[in-house]
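Sequence lines set the chain letters: A, B, ... in the order given, protein chains first and strands last, and positions in each chain run from 1. Note that the coordinates shown come from a computational prediction; the quantities given were computed from them, not determined experimentally.
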2 protein chains.
Amino acid sequence: MSKSKTTITCPHDSESAITLDSCCTEALENHLPSDFFKALGDPNRIALVARLAVCGRPAKVSEIACCLPIDMSVVSRHLRQLKDAGILECEKQGKEVLYSVQYQSITKMLRGLADAIDECCPEQRRCVGTKKK
Amino acid sequence: MSKSKTTITCPHDSESAITLDSCCTEALENHLPSDFFKALGDPNRIALVARLAVCGRPAKVSEIACCLPIDMSVVSRHLRQLKDAGILECEKQGKEVLYSVQYQSITKMLRGLADAIDECCPEQRRCVGTKKK
DNA sequence: TGCTCATTTGCGTAATTGTGCAATTGTATT
DNA sequence: AATACAATTGCACAATTACGCAAATGAGCA
């Protein structure tokens, strides 16, 4: 943890300004890519990831699609979004495209975020209540 | 992990059906509440959480709102959504409402999910390639 | 009681997103 | 070359969501 610190004051209420540890903010926001969460924010995409995760092997789009009551074209778009978010990966094999879960990068991401939040937790740092007056 | 297992066959392609370990699916889906991710899927809400996290103390709505170029009523709604998702908590104090980050429940959730994904990771289980033939 | 301030809620609108269908692309097979 | 199949993309539409403004709620204070 560093000691660099910035205080951002509220224009209309400078006394109760939120104290921002800039270094910590960056560390946290690096771990908070909203595209990652947006990708997991849809029930159908959650279902796709869960099924693919327990499947344990690369699966083609058509077999993934048949588990859900939505069109395969929609599944294809969902899979692409999950891939762009770093949750899935895919490889072409002949006519087919095989999707699989990026286990390591997901768990690394989740644990990294958890650690970053722990770093910010008041109980774990000395820099609490540094209020500008 | 248990041994109960279910195979869901594709209607039009039963040979390449995705093998589903039902117990594992449930375990995973329990860790995948889409509302949690949906709440973190918006850049403004991410910013709110990050700022509140590094703030390290309960903060009132107006001071949280002044960090973002959006109306306070919108911030209020975002905060409520984050609270409903279990990411923030709030307490009334006179006229004001103080929001703070639920550090423990978030990190517990993230690490629980990471563990659940690890449980599904092919390298860590024996039940790979259980394909119906 | 009347007033002020902080927050929430109602409502209308613009933007985004999820979806299905049809057409297209790309790859193998005949 | 023609055909068949898997996956993607274009397009239109419905549903959801983010947003700002104004009004309402609620809690302290004169």
Side-chain angles (χ1 to χ4, degrees), chain A residues 10-18 34-49 51-52 57-85 87-100, chain B residues 10-18 34-49 51-52 57-85 87-100:
Chain A
C10 279
H12 52 75
D13 189 6
S14 62
E15 291 203 15
S16 56
I18 293 184
S34 68
D35 283 349
F36 176 86
F37 297 110
K38 191 176 287 185
L40 293 176
D42 178 82
N44 281 331
R45 282 194 294 271
I46 287 280
L48 290 175
V49 174
R51 278 160 180 71
L52 207 44
R57 60 169 173 81
K60 30 184 241 184
V61 178
S62 58
E63 52 179 341
I64 302 173
C66 71
C67 296
L68 287 178
I70 56 179
D71 197 81
M72 188 173 63
S73 68
V74 179
V75 171
S76 173
R77 271 185 273 251
H78 281 323
L79 292 173
R80 180 188 169 84
Q81 185 174 351
L82 289 164
K83 178 183 150 233
D84 290 343
I87 296 164
L88 303 181
E89 61 188 340
C90 72
E91 54 171 329
K92 290 204 65 169
Q93 200 161 73
K95 291 190 285 189
E96 304 166 350
V97 176
L98 302 181
Y99 279 88
S100 51
Chain B
C10 278
H12 52 76
D13 188 8
S14 62
E15 290 204 14
S16 56
I18 293 185
S34 68
D35 283 349
F36 176 87
F37 296 109
K38 191 175 287 185
L40 292 177
D42 178 81
N44 281 332
R45 282 193 293 270
I46 287 280
L48 291 176
V49 174
R51 277 160 180 71
L52 207 44
R57 60 170 173 79
K60 24 185 249 187
V61 178
S62 57
E63 50 180 342
I64 302 173
C66 71
C67 297
L68 286 178
I70 56 178
D71 197 82
M72 190 170 63
S73 68
V74 179
V75 171
S76 174
R77 270 186 274 251
H78 281 322
L79 292 173
R80 180 187 169 85
Q81 184 173 351
L82 289 163
K83 178 184 150 234
D84 289 343
I87 296 164
L88 304 181
E89 60 187 342
C90 73
E91 52 170 332
K92 292 204 67 171
Q93 199 159 76
K95 290 191 287 190
E96 305 166 351
V97 176
L98 302 181
Y99 278 89
S100 50

N or O in side chain of B:K38 less than 4.0 angstrom from D:dT17 OP1/OP2: yes

A:D84 CG to D:dT8 C1', straight-line distance once rounded to whole Å: 13 Å

Base C:dG18 to side chain A:R45, donor-acceptor N/O within 3.5 Å cut-off: no

Given D:dT8, D:dT9, C:dT8, the nucleotide with the shortest approach to the side chain of A:V97: D:dT8

Closest to side chain of B:D42, choosing from C:dT7, D:dA18, C:dG18: D:dA18

N/O donor-acceptor pairs under 3.5 Å from side chains in residues 36-47 of chain B, not counting sequence neighbours:
unit_1, atom_1, unit_2, atom_2, d
B:D42, OD2, B:N44, N, 3.0
B:D42, OD2, B:R45, N, 3.2
B:R45, NE, B:A39, O, 2.7
B:R45, NH1, B:H78, ND1, 3.0
B:R45, NH1, B:Q81, OE1, 3.0
B:R45, NH2, B:K38, O, 3.2

d(NZ, A:K92; P, D:dA7) in whole Å: 10 Å

Minimum-distance nucleotide (side-chain atoms of A:V61 versus D:dT17, C:dT19, D:dA7): D:dA7

Any N/O donor-acceptor pair, A:R80 side-chain to C:dG18 base, under 3.5 Å: no

Proximity to the side chain of B:R77 - top-ranked nucleotide from C:dT7, C:dC11, C:dT27: C:dC11

Out of D:dA7, D:dC5, D:dG10, whichever nucleotide has its closest atom nearest the side chain of A:E96: D:dA7

Side chain to side chain donor-acceptor pair (under 3.5 Å) partners of residues 90-99 of chain B, not counting sequence neighbours, each pair once: B:K60-B:E96

N or O in side chain of A:H78 less than 4.0 angstrom from C:dT19 OP1/OP2: yes

DNA chain D-proximal residues of residues 68-76 of chain A, any heavy atom under 4.0 Å: A:M72, A:S73, A:S76

